[in-house]
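Beneath this line is the structure, given in structure tokens, with notes to follow.
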Protein chains: 6
Amino acid sequence: MHKPVAVRNIHRAEQSVIDDLGSMGVATVHEAQGRVGLMKPYMRPVYDGVRLAGSAVTILAQPGDNWMVHVAIELCQPGDILVVGLTADSTDGFFGDLLAHSCMARGVKGLIIDAGVRDTLDLKEMGFPVWSKAIHSKGTVKETLGSVNVPIVCAGAYVNPGDVIVADGDGVCVVERKHAPAVRDKSKQREDAEVAKRERLQAGELGLDIYNMRGRLEEAGLVYVDSLDDLDK
Amino acid sequence: MHKPVAVRNIHRAEQSVIDDLGSMGVATVHEAQGRVGLMKPYMRPVYDGVRLAGSAVTILAQPGDNWMVHVAIELCQPGDILVVGLTADSTDGFFGDLLAHSCMARGVKGLIIDAGVRDTLDLKEMGFPVWSKAIHSKGTVKETLGSVNVPIVCAGAYVNPGDVIVADGDGVCVVERKHAPAVRDKSKQREDAEVAKRERLQAGELGLDIYNMRGRLEEAGLVYVDSLDDLDK
Amino acid sequence: MHKPVAVRNIHRAEQSVIDDLGSMGVATVHEAQGRVGLMKPYMRPVYDGVRLAGSAVTILAQPGDNWMVHVAIELCQPGDILVVGLTADSTDGFFGDLLAHSCMARGVKGLIIDAGVRDTLDLKEMGFPVWSKAIHSKGTVKETLGSVNVPIVCAGAYVNPGDVIVADGDGVCVVERKHAPAVRDKSKQREDAEVAKRERLQAGELGLDIYNMRGRLEEAGLVYVDSLDDLDK
Amino acid sequence: MHKPVAVRNIHRAEQSVIDDLGSMGVATVHEAQGRVGLMKPYMRPVYDGVRLAGSAVTILAQPGDNWMVHVAIELCQPGDILVVGLTADSTDGFFGDLLAHSCMARGVKGLIIDAGVRDTLDLKEMGFPVWSKAIHSKGTVKETLGSVNVPIVCAGAYVNPGDVIVADGDGVCVVERKHAPAVRDKSKQREDAEVAKRERLQAGELGLDIYNMRGRLEEAGLVYVDSLDDLDK
Amino acid sequence: MHKPVAVRNIHRAEQSVIDDLGSMGVATVHEAQGRVGLMKPYMRPVYDGVRLAGSAVTILAQPGDNWMVHVAIELCQPGDILVVGLTADSTDGFFGDLLAHSCMARGVKGLIIDAGVRDTLDLKEMGFPVWSKAIHSKGTVKETLGSVNVPIVCAGAYVNPGDVIVADGDGVCVVERKHAPAVRDKSKQREDAEVAKRERLQAGELGLDIYNMRGRLEEAGLVYVDSLDDLDK
Amino acid sequence: MHKPVAVRNIHRAEQSVIDDLGSMGVATVHEAQGRVGLMKPYMRPVYDGVRLAGSAVTILAQPGDNWMVHVAIELCQPGDILVVGLTADSTDGFFGDLLAHSCMARGVKGLIIDAGVRDTLDLKEMGFPVWSKAIHSKGTVKETLGSVNVPIVCAGAYVNPGDVIVADGDGVCVVERKHAPAVRDKSKQREDAEVAKRERLQAGELGLDIYNMRGRLEEAGLVYVDSLDDLDK
């Protein structure tokens with residue numbers, strides 16, 4: 001049963017692992033860890049061109065109530081990312097320039113929130129990256145408790161406090177803390193493997209040949225015809 | 001990292017606890033456990049008037065691929081409920097009358113799926129209850145592995161295999177297995193407490209008085225005026 | 001500026017006018033009043049087959065907070081309908097069987113709410129009709145004030161306290177109180193006019209002839225051809 | 001380039017083929033024809049329990065304008081189904097009880113419309129089946145031309161006049177006229193094949209065995225473990 | 001009852017009040033006026049980086065018909081903003097570069113429309129700011145009357161002609177004309193109050209301390225624990 | 001019935017016609033061809049400021065399966081545009097930087113896809129324009145056949161292989177190949193006609209006068225009043 005709680009200490013992945021994951025981006029990391037942990041595509045960056053990685057400080061919030069964000073900021077360490085899941089859908093603006101200043105003063109690197117934010121022009125100017133479900137000026141109250149640093153669901157993904165969050169223009173991905181080093185390694189292998197493929201494709205070679213697809217396509221039953229008119233003969 | 005796996009054995013809650021939770025319904029159980037564990041409101045019953053409770057056999061499926069449902073049915077026990085979460089959004093029809101017959105032959109009591117189903121008329125006639133995101137005839141393939149009896153996210157709720165699923169016309173709620181007895185007790189208390197309130201309300205007494213709201217409303221600043229015309233004076 | 005207020009007295013339309021409007025249904029009334037005042041099509045009845053009309057007691061509520069519903073019920077008279085608009089989107093379950101009992105004890109005839117409700121099976125069994133945006137078990141709090149009997153926007157329609165609400169399986173329509181008698185008269189005229197048309201259509205006469213459309217269609221440029229093959233000649 | 005046109009004569013499939021397709025339902029027919037031709041899952045029946053098949057008389061309509069429906073009804077033969085696609089999205093109520101009476105007088109069997117309808121209670125009482133995107137009382141005008149019996153896109157499916165429409169509680173499927181007999185045959189084979197499978201499944205045999213999946217699952221890499229605790233070892 | 005009407009003269013707020021409101025932005029103004037008057041979050045600027053304030057010239061339009069926009073432009077004064085509400089949902093492109101040129105020639109400062117627009121590249125190059133529900137090339141007709149300078153609902157907000165519209169990257173807010181000076185004053189107070197808070201937050205002070213939340217959190221029942229492992233003890 | 005097929009040769013429009021259509025943009029071309037052929041407004045460019053025209057190489061793909069994209073690239077000629085329609089809804093990322101490199105090496109000019117894409121930052125840096133329904137990192141499989149160069153429905157529009165695709169910030173429009181020269185001519189006429197209108201509007205002349213609307217408005221029943229207060233007299 002849920003009782004409101006704030007957990008002070010969480011385990012974090014090694015900084016070098018986090019940095020490596022961030023440098024490779026969401027699409028690669030998501031593939032490397034077996035295509036799990038991806039948030040829904042409605043999570044979009046408030047401004048473009050940012051790539052981010054850090055340790056999740058999680059918040060379970062009530063719809064329309066941002067009280068727990070204040071509780072969470074105190075528990076953050078430099079490099080952390082706030083990740084906010086809600087007990088029910090809301091597009092209210094949970095977060096604006098004041099909380100962003102507070103975050104930046106504490107070294108918090110960004111925000112992932114399954115709800116709305118506001119003061120988006122300020123957020124961009126301050127360079128505080130946010131991925132959210134909505135942009136909305138509707139403010140929130142501070143009346144009902146949630147929890148900090150408990151497991152949450154955010155935009156369809158399960159997040160444990162201390163998990164590594166990777167976010168860029170392609171979305172947001174959650175890497176389980178204990179698997180982070182292995183996912184980092186797999187991501188690197190994947191990235192390396194893509195270099196050669198990329199060069200061959202750039203040179204005009206076809207995926208059909210690079211991946212040896214022709215035989216399998218034929219087996220599966222694909223038929224080539226010269227023209228559309230041949231189809232109904 | 002996700003590797004496809006099928007887990008044979010899971011722990012289940014006691015049958016009497018499951019039955020009690022089912023008899024009280026989603027709204028009561030959800031309140032009693034602290035307002036967590038509720039699936040999104042887009043999950044709707046395929047036909048009306050059913051109330052259901054059972055142990056979750058979980059399926060992590062790929063969009064458009066129902067292969068794992070076949071794997072899962074073998075691992076079910078009578079009284080279980082299949083709960084299907086996907087790695088990405090899909091409205092395809094993962095489940096129809098054939099799978100429903102297979103489920104019923106095995107004693108599976110129902111299906112909760114964050115995707116589509118088909119043969120809905122048959123499902124109703126057979127009396128196999130389903131809560132789904134969509135109804136769609138588009139069939140699925142059996143090409144890509146997922147997992148069975150691993151933790152999943154389904155329609156925004158985190159589900160561990162063996163958790164108790166309660167579903168009715170108000171939606172679907174997940175009760176953590178280990179908390180199930182306590183939630184049952186709290187639900188009963190809540191239900192009992194509501195009997196007296198219901199009687200007083202039916203007799204015309206006001207919530208304002210039953211819950212002693214008048215003082216708090218005044219404190220909060222609510223002002224009563226006699227007419228709308230008084231407002232802008 | 002919005003300050004929380006509860007208005008005790010409102011003007012209502014004459015009961016016979018309300019009853020007449022209710023007997024004619026949403027589609028007719030909406031046409032008769034010039035195609036304004038219709039709520040969005042996402043407002044659906046919780047159960048089928050009900051037609052309703054009454055005077056609006058309006059509630060401006062905060063998302064996830066149903067405190068004002070309690071305030072409103074005290075201010076209702078028999079025959080009134082609660083109409084709830086929110087300051088921001090929410091699908092939370094604002095209303096369930098307890099509040100429905102309280103409403104029925106007071107003679108309130110139904111609920112129109114731009115949010116969610118729960119205990120839907122009870123609502124149907126009790127015969128308390130509800131039109132809502134969602135069905136969801138997520139409960140609400142009683143922490144933040146709104147207002148009662150002020151003008152609101154509900155599901156895209158502007159509602160003044162005392163306006164006549166007409167609701168059926170086709171949706172929900174708001175009739176301004178002062179125009180209610182005239183709208184009633186126009187609705188009747190419209191209904192009467194349709195009787196003859198209906199008979200002619202049932203007898204196989206075409207709308208093209210009844211409404212004299214052939215000339216206007218030709219003027220507008222509609223061309224008849226015998227077959228699709230003639231089209232690209 | 002689109003010029004407004006009404007095509008008088010279309011080719012229809014044989015009645016016995018149409019009837020056979022209707023008797024087998026959408027899910028079977030859609031599978032049998034290679035999983036194409038299905039409308040989007042937002043197309044829902046206005047009332048439950050109906051299964052329908054007929055020849056499409058197509059209407060290309062402008063949003064909010066039902067003029068062409070009148071033109072189309074004259075061109076219908078008994079057994080036809082009106083299928084309405086729009087040039088842009090609309091939820092307006094294009095069709096109500098008057099047009100339904102006109103349709104029934106002419107032998108038109110039903111309506112498929114990628115927009116809204118109204119008078120839904122009447123439609124149900126009259127027994128005139130409709131699949132639509134929305135239910136909305138907002139009326140339409142008769143000001144802008146579209147076309148009748150031209151190829152259209154309706155709810156994501158391409159429809160030629162004279163194609164066979166099959167609709168039931170699982171949605172709406174379009175069968176190309178010239179392929180209708182072959183699709184009928186394939187549907188029957190499929191249905192026959194399912195009888196034996198259904199019996200085996202009802203007897204408790206598993207899909208895993210009936211479809212010989214165990215080998216392929218192992219090849220694909222599915223691993224069975226006894227308990228969730230074994231997973232992270 | 002709605003009869004089509006164009007109202008020539010409206011009252012406007014003082015220019016200095018309008019300018020002040022525009023300089024403070026949507027989030028601040030919305031808070032200052034008691035969290036009402038905000039349009040839905042689906043209203044987004046066609047291009048970024050613009051902040052706007054002006055007097056509303058309102059248009060009640062029929063879906064897919066932009067005739068009334070022409071009527072409205074004649075009735076605008078320099079500094080006005082066109083605000084378009086529809087009688088039913090539409091994403092059609094009601095407005096493009098030609099109308100924007102007409103607006104700019106008349107001193108109209110921008111457009112708020114609960115529908116679609118087109119020629120968006122031109123709008124950006126011309127510097128004519130637009131907030132809309134959609135971007136779509138589908139043109140409209142000029143066949144059915146609406147009204148100009150009557151009260152409307154636009155994207156969930158009630159707008160009277162002459163109300164002050166404030167719009168920026170956070171959305172669109174409506175300030176009632178008669179309350180505009182008071183809202184301006186409250187907004188300024190709010191902005192001033194935020195300066196000190198911002199500085200304290202930037203210096204690393206916590207919201208928990210600045211807003212004295214610790215006591216209330218404890219009262220409400222928030223429990224701090226050292227680690228997640230302590231939770232289930 | 002759908003059988004998987006890849007058609008090698010298609011007819012294309014003349015390059016000069018394609019170039020002309022591209023230079024005029026979606027809104028003009030769509031109007032000129034009679035307001036048909038427009039994709040849904042949810043199709044948005046992955047990055048801003050691009051205008052594109054080319055011949056459609058069409059792909060009918062299964063949800064979550066991008067195998068056919070590889071087949072299609074081999075069949076492309078320089079100047080072609082890939083257009084991907086799906087047999088059911090999917091937001092998966094069908095296309096990323098590797099496929100974009102392959103396309104560019106082959107002279108393919110862009111992608112229109114009724115699904116998701118990923119590596120969006122790369123796509124922008126490479127200058128490979130994409131219009132899609134979603135941005136999502138979820139990868140696809142290569143397991144189920146579709147077809148290449150058959151007629152498809154993409155985002156609500158019917159596309160034949162070889163049709164001319166025009167895309168810009170206002171959306172995506174399909175021009176039938178055989179009508180392309182005529183549509184080009186009509187588009188030019190339209191563009192020319194707009195030059196004079198634009199100048200008159202820029203000079204402050206009203207649409208009411210340029211289009212002679214005053215008489216028709218009066219006929220239709222529009223009434224001018226001096227003030228809102230006159231309305232209810």
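In what follows, every chain begins at residue 1, and chains take the letters A, B, ... in the order their sequences are listed.
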If you count heavy atoms of other groups shown closer than 6.0 angstrom to [atom1] of [X], is the number above 12?
| X | atom1 | value |
| --- | --- | --- |
| Glu14(F) | CD | no |
| Gln202(E) | CD | yes |
| Glu218(F) | CD | no |

With only heavy atoms counted, which part of Leu217(F) is less than 4.5 Å from chain E, the side chain, the backbone, both or neither?
->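 Contact with chain E involves both backbone and side-chain atoms of Leu217(F).
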In terms of heavy-atom proximity below 4.5 Å to chain E, should Glu31(F) be classed as side chain, backbone, both, or neither?
->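 It is the side chain, since no backbone atom gets that close.
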NE2 (His136(E)) and NE2 (His30(F)) are apart, to the nearest 0.5 Å, by 7.0 Å
For chain F, which residues from residues 108-134 of chain E have at least one heavy atom closer than 4.5 Å to it?
-> Arg118(E), Asp119(E), Thr120(E)
Chain F-proximal positions within residues 38-56 of chain E [heavy-atom distance under 4.5 Å] = none
Could you have a look at Lys138(E), Glu143(E), His11(E), Glu74(E) and say which one has the most heavy-atom pairs with chain F under 4.5 angstrom?
->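 Of the candidates given, the most pairs with chain F belong to Glu74(E).
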Do you know which of Ala105(E), Ser137(E), Gly107(E), Gly146(E) has the most heavy-atom pairs under 4.5 Å to chain F?
-> Ser137(E)
What residue in Leu206(F), Asp170(F), Val223(F) has the most heavy-atom pairs under 4.5 Å with chain E?
->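 Sorted descending by pairs with chain E, the first entry is Asp170(F).
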Nearest heavy atoms of [X] and [Y], plus distance in Å:
| X | Y | answer |
| --- | --- | --- |
| Leu228(F) | Pro161(E) | CD2-CG, 4.0 Å |
| Leu208(F) | His70(E) | CG-O, 3.6 Å |
| Pro4(E) | Leu222(F) | C-CD1, 3.8 Å |

List the atom pairs, with distances to 0.1 Å, where a side-chain N or O of residues 149-159 of chain F and a protein N or O form a donor-acceptor pair under 3.5 Å, not counting sequence neighbours.
{"unit_1": "Asn149(F)", "atom_1": "OD1", "unit_2": "Thr58(F)", "atom_2": "N", "d": "3.3"}
{"unit_1": "Asn149(F)", "atom_1": "ND2", "unit_2": "Val7(F)", "atom_2": "O", "d": "3.0"}

Among residues 77-96 of chain F, those lying within the under-4.5 Å heavy-atom range of chain E are none
So, does Asn9(E) use its side chain to make a donor-acceptor pair with the main chain of Asp226(F) at under 3.5 Å?
-> yes
Would you mind checking which part of Leu145(E) comes under 4.5 Å of any heavy atom in chain F, side chain (CB onward), backbone (N, CA, C, O), both or neither?
-> side chain
Non-hydrogen atoms of chain F under 4.5 Å away: do they reach the side chain of Val71(E), the backbone, both or neither?
->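 Both backbone and side chain.
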